[in-house]
Protein chains: 2
Amino acid sequence: MENASAGATDELDDQDFLRLDRQVCFSLHAAARAFNGVYRTALKDLGLTYPQYLVMLVLWEDGELPVKKIGERLRLDSGTLSPLLKRLEAAGHVERRRSAEDERSVSVRVTAQGAALREKALAVPRTIAAATGLSLDEVRDLRTRLDRLTAALDGEGREASGEGGAGDCVR
Amino acid sequence: MENASAGATDELDDQDFLRLDRQVCFSLHAAARAFNGVYRTALKDLGLTYPQYLVMLVLWEDGELPVKKIGERLRLDSGTLSPLLKRLEAAGHVERRRSAEDERSVSVRVTAQGAALREKALAVPRTIAAATGLSLDEVRDLRTRLDRLTAALDGEGREASGEGGAGDCVR
DNA sequence: GACAACTAAGTTGCGCACAACTGAATGGCG
DNA sequence: CGCCATTCAGTTGTGCGCAACTTAGTTGTC
């Protein structure tokens, strides 16, 4: 293999690309885990994991949602959500019941205890914001970049599914 | 909800912060998983998972390393690495053997088969780069931002451990 | 030499992520 | 009506990530 693809190389060869890739994918991986760790600490008092917190955030805004909708909002499938919601129910934060109109659907609703938990959760974002050391504008900018990136990656990986409805990815 | 805590708010109240937090932490979480998904697809031919690829990238550069060093490079502990390395060994990509000088240490080395795998891996970064739709400069910029963020989060979470040796976080 | 403090790798247990599958309910179509 | 494709939730199996712990080897001190 001298240079197999003598096509449209910018300026780097495959070796450099591999090296750069190591750096970039490591950075993203590490950043995600570092964030996770900070949330883990901040959420310990609430007895929530990071993904459970994400679910509660969605439910606090909307009050009640079918599992399907939660999955669309958070990009999670039932394989992840079903056991997670079971644990949230076991902890007393949410209730699940099958929908009357459509027996296939399960509606998830925050309990009084779950609503009370929100009061404690109000302190979390400031803790996180402080830990990042970023300004509000920087946070917003970061979010925009990440969403663009996610959209690009999703569009590439699978043929753009009908993501339109959410209204959460653009906002 | 008037405004419960009339503390030192920048301009947003707790409600807004909680809303913004939902968006940011979701974005990061989703971006990391979307990235993971693209790598998963790109790595399917190689028979590697994303974390396994990270380990192989490090080993391809250095040839042979003790488990401890790999962990420092990738920010992973033995609880994650031990079974992962076992699987890489079972697949024939690496060899593990206890160090002669220090019997506590286990040295990991790529096999001939593992080295051959690198040739196939050379195509991966271009695939990923194409999927992101980012230019080289944007990729580098993203990496810088993520590393800064990780450093800030790490420094916050645990009292800055002796991270100095790696030479990978700053580079 | 003996003992305590430390270090490296491995193990266990729990939760998340995802692919693949199951099972029940729904909707369309002849 | 009967049949089939689709949809929704849940289950199973594999692998990662991390906390807590275990085991074995090393080092420092007396």
Side-chain angles (χ1 to χ4, degrees), chain A residues 25-26 29-41 43-44 47-55 65-72 74-91 96-108 154 157-158 161-162, chain B residues 25-26 29-41 43-44 47-55 65-72 74-91 96-108 154 157-158 161-162:
Chain A
C25 71
F26 162 74
H29 202 64
R33 285 184 297 130
F35 237 100
N36 210 313
V38 173
Y39 270 105
R40 190 194 316 281
T41 306
L43 292 172
K44 197 150 61 180
L48 293 178
T49 67
Y50 183 43
Q52 286 168 7
Y53 174 65
L54 285 171
V55 170
L65 284 172
V67 174
K68 181 78 192 310
K69 286 286 179 194
I70 299 175
E72 284 172 5
L74 300 178
R75 274 212 144 305
L76 293 172
D77 68 355
S78 67
T80 300
L81 283 175
S82 285
L84 189 155
L85 289 168
K86 252 187 188 172
R87 282 186 284 271
L88 283 179
E89 186 173 43
R96 294 183 304 156
R97 60 164 207 280
R98 299 218 87 97
S99 163
E101 312 88 66
D102 189 342
E103 291 269 331
R104 292 170 304 180
S105 175
V106 167
S107 190
V108 182
D154 275 0
R158 55 196 97 162
S161 58
Chain B
C25 70
F26 161 75
H29 203 63
R33 285 184 297 130
F35 237 99
N36 210 312
V38 173
Y39 271 104
R40 189 193 317 280
T41 306
L43 292 171
K44 196 149 62 180
L48 293 177
T49 66
Y50 184 43
Q52 286 168 7
Y53 173 66
L54 286 170
V55 170
L65 284 173
V67 175
K68 181 80 194 306
K69 287 286 179 193
I70 300 175
E72 284 173 4
L74 300 179
R75 271 211 145 305
L76 293 171
D77 68 355
S78 68
T80 299
L81 282 176
S82 285
L84 189 155
L85 289 169
K86 254 188 187 171
R87 283 186 285 270
L88 283 180
E89 186 174 42
R96 295 183 304 156
R97 60 165 207 278
R98 298 218 86 97
S99 163
E101 312 88 66
D102 189 340
E103 291 268 331
R104 292 170 303 180
S105 175
V106 167
S107 190
V108 183
D154 275 0
R158 55 196 97 163
S161 58

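Each chain gets a letter, A, B and so on, in the order the sequences are listed, and its residues count up from 1. Values below: every heavy atom of this structure, side chains too, minus hydrogens, waters and symmetry copies.
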Side-chain N or O of A:Arg96 closer than 4.0 Å to phosphate OP1/OP2 of D:dG10: yes

Phosphate OP1/OP2 of C:dC18: any B:Arg33 side-chain N/O under 4.0 Å: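 Yes, B:Arg33 has a side-chain N/O under 4.0 Å of OP1/OP2 on C:dC18.
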
Polar pairs (N or O, both sides) under 3.5 Å between protein and nucleotides 11-14 of chain C?
residue	atom	partner	partner atom	Å
C:dT11	OP2	B:Lys86	NZ	3.0

List in chain and number order the residues that pass side-chain contact (heavy atoms from CB on, under 4.5 Å) with [X], two or more places apart in sequence or in another chain; answer none if no residue qualifies.
| X | answer |
| --- | --- |
| B:Asp102 | B:Ser99, B:Arg104, B:Ser105 |
| B:Val106 | B:Val67, B:Arg96, B:Arg98 |
| B:Ser82 | B:Ser78 |

side-chain contact (heavy atoms from CB on, under 4.5 Å) evaluation trace for A:Leu48 with A:Leu88: CA-CA 9 Å; A:Leu48 293 178; A:Leu88 283 179; 3.8 Å; yes

A:Arg33 versus B:Leu74, closest heavy-atom pair with distance: NH2-O, 2.8 Å

Closest non-hydrogen atom pair between B:Arg75 and A:Phe26, with its separation: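 In this case the closest contact between B:Arg75 and A:Phe26 is N-CE1, 4.5 Å.
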
Rounded to whole Å, please give me the gap between [atom1] in [X] and [atom2] in [N].
| X | N | atom1 | atom2 | value |
| --- | --- | --- | --- | --- |
| B:Ile70 | C:dA8 | CD1 | P | 14 Å |
| A:Tyr39 | C:dG15 | OH | C1' | 19 Å |
| A:Glu72 | D:dA9 | CD | C1' | 14 Å |
| B:Glu89 | C:dA9 | CD | P | 14 Å |
| B:Glu103 | C:dC6 | CD | P | 23 Å |
| B:Lys44 | D:dG15 | NZ | C1' | 16 Å |
| A:His29 | C:dA17 | NE2 | P | 13 Å |
| B:Asp102 | D:dT27 | CG | P | 7 Å |

Pair B:Tyr50 and A:His29, ring centroids less than 6.0 Å apart: yes

Choose from [options] the nucleotide whose nearest atom is closest to any side-chain atom of [X].
| X | options | value |
| --- | --- | --- |
| A:Val67 | D:dC18, C:dC18, D:dA9 | D:dA9 |
| B:Pro51 | D:dG17, D:dA9, C:dT26 | D:dG17 |
| B:Thr49 | D:dG15, D:dG17, C:dC18 | D:dG15 |

Anything under 3.5 Å between a protein N or O and an N or O of nucleotides 2-7 of chain D, put it in a table, one pair a line.
residue	atom	partner	partner atom	Å
D:dT7	O2	A:Arg104	NH1	3.1

Touch class at under 4.0 angstrom, heavy-atom based, for B:Leu84 against every strand present: sugar-phosphate

Sugar-phosphate only, base, or nothing, as touched by A:Leu81 at under 4.0 Å among non-hydrogen atoms: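 The answer is nothing, as A:Leu81 stays clear of every strand by at least 4.0 Å.
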
Partner residues of B:Tyr53 under the ring-ring contact (aromatic ring centres under 6.0 Å, His included) criterion, sequence neighbours left out: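 Scan of B:Tyr53 (ring-ring contact (aromatic ring centres under 6.0 Å, His included), adjacent residues dropped) gives B:Tyr39.
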
Nearest-nucleotide comparison on DNA chain C, the residue closer to the 5′ end among A:Asp77 and A:Glu101: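 Comparing both residues, the 5'-ward one is A:Asp77.
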
Upstream residue (5' side of DNA chain D) when A:Asn36 and A:Leu85 are each assigned their closest nucleotide: A:Leu85

B:Glu89 (side chain) donor-acceptor with B:Lys86 (main chain) under 3.5 angstrom: no

CG-CG distance between B:Asp77 and B:Leu81, expressed to the nearest 0.5 angstrom: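 Nearest 0.5 Å value for the CG-CG distance: 7.0 Å.
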
